[in-house]
Amino acid sequence: MLGRLNLDAIPTDPITLGGLISGTLGILTVIGLLFYFKRWKWLYRNWLTSLDPKRIGVMYIVIALLMLLRGAADAVMMRTQQALSSGDSQGILSADQFQQVFSAHGTIMIFFVAMGLMFGLINWIVPLQIGARDVAFPFLNSVSFWLFAAGAILVNVSLGVGEFSAAGWLAYPPLSGLEYSPGVGVDYWIWALQIAGVGSLLAGINFFVTILKMRRAGMTLMKMPMFTWSVLTSMILVIFAFPILTATLGMLSLDRLLGMHFFTSDFGGNPMMYVNLIWAWGHPEVYILILPAFGIFSEVVATFSRKRLFGYTSMVIALIAITFLSFIVWLHHFFTMGAGANVNAFFGIMTMVIAIPTGVKVFNWLFTMYRGKITFATPMLWFLGFVIIFTIGGMAGVLMAVPPADFQVHNSLFLVAHFHSMVVGGVLFGFFAGLTYWFPKIFGFKLNERLGRYAVFCWIGGFILAFVPLYILGLMGATRRLDHYDASMGWQGLFIVAGVGGAIIMVGIGFQILQLAYSILMREENSDLTGDPWDGRTLEWATSSPPQIYNFAHVPPVSDRDAFWALKQAKTSSSEKLHYESIRLPKNSPVGMIIAAFSIMGGFALIWHIWWLAVACLVGLIVTIIIRVSDEHTEYTLPASKVRKLEEEQYV
């Protein structure tokens with residue numbers, strides 16, 4: 001009846017129990033507060049069932065930030081283990097626990113932090129930047145979010161029921177096969193990623209269509225804001241890359257569920273085929289994340305330099321070049337696997353070539369700053385931190401693009417330091433800059449600048465202290481996934497320094513939490529009544545802060561790349577127009593939540609081999625979708641009189 005599920009699935013080790021108890025207490029506290037303040041109906045109507053992309057974006061970011069805390073806690077445990085586990089000391093984690101924490105950290109930070117922050121900011125800003133009132137498929141947007149949330153929930157369920165994968169964040173066979181991972185950990189990994197990945201693919205299609213079909217009249221492709229361009233290229237990568245992930249996870253799951261042999265070492269299987277497929281998705285995934293961050297930096301640098309972005313056309317060409325080249329560099333992840341000198345040479349050259357358009361973008365940002373009237377607000381400080389850390393990581397990446405050099409540092413901590421320089425210094429710093437930059441647009445008040453600066457400096461200093469030692473340790477021979485080492489290696493001092501750096505990063509996270517809490521308390525003092533707190537250049541600043549559900553009562557005309565800047569220079573304003581018209585908007589829908597609930601239960605059933613529940617959830621999904629597509633009343637009309645009233649109240 002319950003498949004493999006039994007009482008042995010409940011964890012007994014103190015660290016896992018501590019995480020489970022603290023997480024449960026947090027959830028119970030939130031539930032208690034919702035009952036105490038009688039906010040359940042408000043939460044359901046205004047948030048959980050909303051199809052407004054701005055609110056969906058907020059929910060993406062809330063989950064991503066919560067998962068960031070989980071991922072950071074995993075990082076602290078790993079760094080503590082490596083600092084203490086030398087010689088006779090065994091540290092705080094067992095070898096199996098360390099591998100589970102390592103796998104969970106990578107999975108959470110890429111799939112549920114970086115992807116969540118990315119889609120959150122895209123939902124916030126892209127419709128506003130292109131002058132649209134909504135996305136192309138509002139209901140699909142809700143489903144995408146709820147599938148993302150379902151995957152995040154499954155990852156955390158593994159804390160309390162069973163275990164998580166110990167096969168690394170990309171789960172290479174044969175380690176992820178039944179022979180070496182007979183438990184449910186790899187299955188949790190597969191189905192969490194499979195469900196969230198389908199959501200990401202649907203979101204990619206949605207925003208690709210939104211950008212191509214819903215731009216304001218006059219906004220040609222070469223008049224789009226650079227953030228929108230970066231999102232367009234990123235969504236192209238999503239559409240082409242995520243089906244590879246879906247197919248790869250499907251085949252691995254069939255190997256485990258039905259005893260097939262896609263990736264085994266016998267019966268015609270080939271583990272190296274999995275490595276090829278996962279990196280054919282995995283390397284474009286890095287650029288799926290970094291391209292929107294590049295777009296954010298383009299907006300931030302132009303705004304805070306009070307200058308038009310330098311080299312717009314070359315920036316667009318660079319984005320397109322990165323999009324194409326990102327699909328022909330995947331093999332540099334396994335130069336040591338025996339593909340041959342010619343293959344290695346080709347992928348090594350392509351890896352060096354892809355650095356060129358990235359360099360073009362960095363130089364264009366610096367030229368934008370040149371002779372600009374620069375304001376060093378918090379978003380600009382995140383950019384400067386990015387330049388420092390990303391440049392260090394980029395030089396290390398070009399070094400590893402040389403196959404003989406890669407043979408020396410492959411699978412070492414040198415690679416770990418390089419990857420984190422790209423993903424933290426590039427992706428995470430970019431999204432933090434975007435959050436700070438666009439926060440007043442979505443919530444109507446600024447984040448505290450002083451606490452934001454403290455957070456930036458802690459992140460930059462802490463990161464350098466945490467990861468420069470890893471470059472050195474990698475050159476000294478320290479490998480990835482290392483949970484214990486001999487004292488005679490002389491590594492412990494550097495691991496301790498790296499641990500101190502990690503602690504400083506945690507202080508930075510503490511400042512960010514304090515910044516948010518303090519800013520909410522002082523929101524009246526920091527409120528934005530203009531809709532344009534930074535003297536922005538693009539259309540999102542042409543509406544109120546926060547925007548109405550329909551974004552624009554009057555969509556401003558577009559005649560320039562910096563559309564709102566051109567309007568301000570012409571001393572015109574869309575609010576001067578007095579004619580209002582009725583607006584069609586999508587109705588709220590709980591169907592996304594229902595689909596997510598069936599997905600969570602279905603994934604859980606497949607993990608634990610509860611076949612009757614898996615079939616029931618599949619039937620439930622099909623019936624839910626049929627009911628939804630049969631519903632012809634999915635929109636409502638906001639009358640012109642109501643639009644007028646909302647606009648007049650907004651600007652009183």
If you measure only the distance, is there a donor-acceptor pair under 3.5 Å linking the side chains of Thr248 and Trp281?
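On atom types as modelled, these side chains do not qualify, holding no pair under 3.5 Å.
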
Decide whether Trp459 and Gln512 meet the rule of one side-chain donor and one side-chain acceptor closer than 3.5 Å.
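Looking only at side-chain atoms, Gln512 and Trp459 do form a donor-acceptor pair, the distance falling under 3.5 Å.
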
Enter the distance from [X]:[atom1] to [Y]:[atom2] here, rounded to the nearest 0.5 Å.
X      : Y      : atom1 : atom2 : result
His283 : Ile288 : NE2   : CD1   : 11.0 Å
Leu539 : Leu128 : CG    : CG    : 9.0 Å
Leu65  : Leu516 : CG    : CG    : 8.0 Å
Thr436 : Phe432 : OG1   : CZ    : 8.5 Å

Quick one: does [X]'s side chain have a donor or acceptor within less than 3.5 Å of a partner on [Y]'s backbone?
X      : Y      : value
Ser234 : Ser230 : no
Thr303 : Gly536 : no
Asn206 : Phe137 : yes
Glu299 : Met226 : yes
Arg481 : Gly168 : no
Trp229 : Leu221 : yes
Lys441 : Gly531 : yes
His420 : Val416 : yes
Thr49  : Tyr44  : yes
Ser50  : Asp52  : yes

Answer whether the closest heavy-atom distance between the side chains of [X] and [Y] falls below 4.5 Å.
X      : Y      : result
His418 : Phe467 : no
Ile108 : Phe164 : no
Phe564 : Gln129 : no
Met380 : Thr375 : no

Validation row, ring centre [X] to ring centre [Y] under 6.0 Å:
X      : Y      : value
Trp330 : Tyr287 : no
Phe386 : Phe297 : yes
Phe148 : Phe111 : no
Trp146 : Phe598 : no

Quick check on ring-ring contact (aromatic ring centres under 6.0 Å, His included): which of Phe429, Phe457, Phe431 does Trp382 satisfy it with?
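Only one option passes, and that is Phe429.
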
I'd like to know whether CZ of Phe327 has more than 12 heavy-atom contacts from other residues, nucleotides or ligands below 6.0 angstrom.
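Enclosed.
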
Tell me whether Phe443 at atom CZ has more than 12 heavy atoms from other residues, nucleotides or ligands lying less than 6.0 Å away.
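Above 12, so yes.
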
Pick out which of Asn551, Asp134, Asn123 makes a side-chain hydrogen bond (donor to acceptor under 3.5 Å, both in side chains) with Lys54.
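Exactly one candidate clears the test, Asn551.
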
